[in-house]
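Everything on this sheet refers to the single structure shown next.
The structure presented is a predicted model; accordingly, all values stated were derived computationally and were not measured. Residue numbers run from 1 in the order of the sequence given.
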Amino acid sequence: STDFEVAFARAESEPALRNEQARVLGKKGALTTILGLLRDVPAAEKREVGARVNVFKERVEAAFEARLRALHRAARDADLAAPPFDLSLP
């Protein structure tokens, strides 16, 4: 697995996960840096390199969405497993 996949898996909350996502896809993220380097790629190779960058971005987005769903599911399961709220208490 890649660095971003490990970081996403270690994120214990949605804000932590979003911070890790920003490190990859944000304005100053790794992918933005890579996209900036595309201008230096020879024209004959741009299509192939661009396609690889797009595949990487799709992998990041898919991993983010999967981890976000897992965090939401865990939070929902914790709510369902919690003792019921007693409305009769003062």
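Listed by first and then second residue, the salt bridge (Lys or Arg N to Asp or Glu O under 4.0 Å) pairs that reach into residues 25-51 are E48-R52, sequence neighbours excluded.
A 6.0 Å sphere centred on CG of D3 holds no more than 12 heavy atoms belonging to other residues, nucleotides or ligands.
When hydrophobic side chains of Ile, Leu, Val, Met, Phe, Trp and Tyr are connected at separations under 4.5 Å, V6 ends up as a singleton with no cluster partners.
With sequence neighbours left out, A11 forms a side chain to side chain contact (heavy atoms under 4.5 Å, CB included) with A16, L17.
To the nearest 0.5 angstrom, R23 atom CZ is 12.5 Å from F4 atom CZ. The CG atom of L37 sits 11.0 Å away from the OG1 atom of T32 when rounded to the nearest 0.5 Å.
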May I have the list of side-chain donor-acceptor pairs in residues 56-64 shorter than 3.5 Å, sequence neighbours left out?
unit_1, atom_1, unit_2, atom_2, d
R59, NH2, E5, OE1, 3.4
R59, NH2, E5, OE2, 3.3

Scan the side chains in residues 69-84 for donor-acceptor partners under 3.5 Å anywhere in the protein, sequence neighbours excluded, and list what turns up.
unit_1, atom_1, unit_2, atom_2, d
H72, NE2, E14, OE1, 2.9

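The two residues A9 and R67 make their nearest non-hydrogen contact at O-NH2, 3.5 Å.
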